Q: 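Below you will find the structure I want to go over with you.
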Amino acid sequence: MCLVCIAFASWVLKTANPQVGDAWKAVLLANVSALSAIRYLRKYVKDTAASEDILHVDS
């Protein structure tokens with residue numbers, strides 16, 4: 001999921017035409033996708049660390 005959002009954001013930035021006045025929409029979409037990916041990754045890492053802590057405490 002995270003890699004898909006990052007790939008989509010980079011694709012949007014590569015295909016955006018800077019000569020068009022609506023380029024800001026593509027940049028905004030790319031930034032939202034990148035931020036969503038980062039937020040998802042942080043939550044995943046936090047949940048994984050919490051799960052590992054529980055496993056180590058139970059052992």
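What you see is a predicted model, and the numbers here were worked out from it, not measured in a lab. All heavy atoms count here, side chains included; hydrogens, waters and symmetry mates do not.
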Q: If you group Ile, Leu, Val, Met, Phe, Trp and Tyr by side-chain heavy-atom gaps below 4.5 Å, do Leu35 and Leu28 land in one group?
A: no

Q: Rounded to the nearest 0.5 Å, what's the gap from CD1 on Ile38 to OG on Ser33? Could you check?
A: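 So the gap between those two atoms works out to 11.0 Å.
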
Q: Would you compute the distance between atom CZ of Arg42 and atom CG of Asp47 and round it to the nearest 0.5 angstrom?
A: 14.0 Å

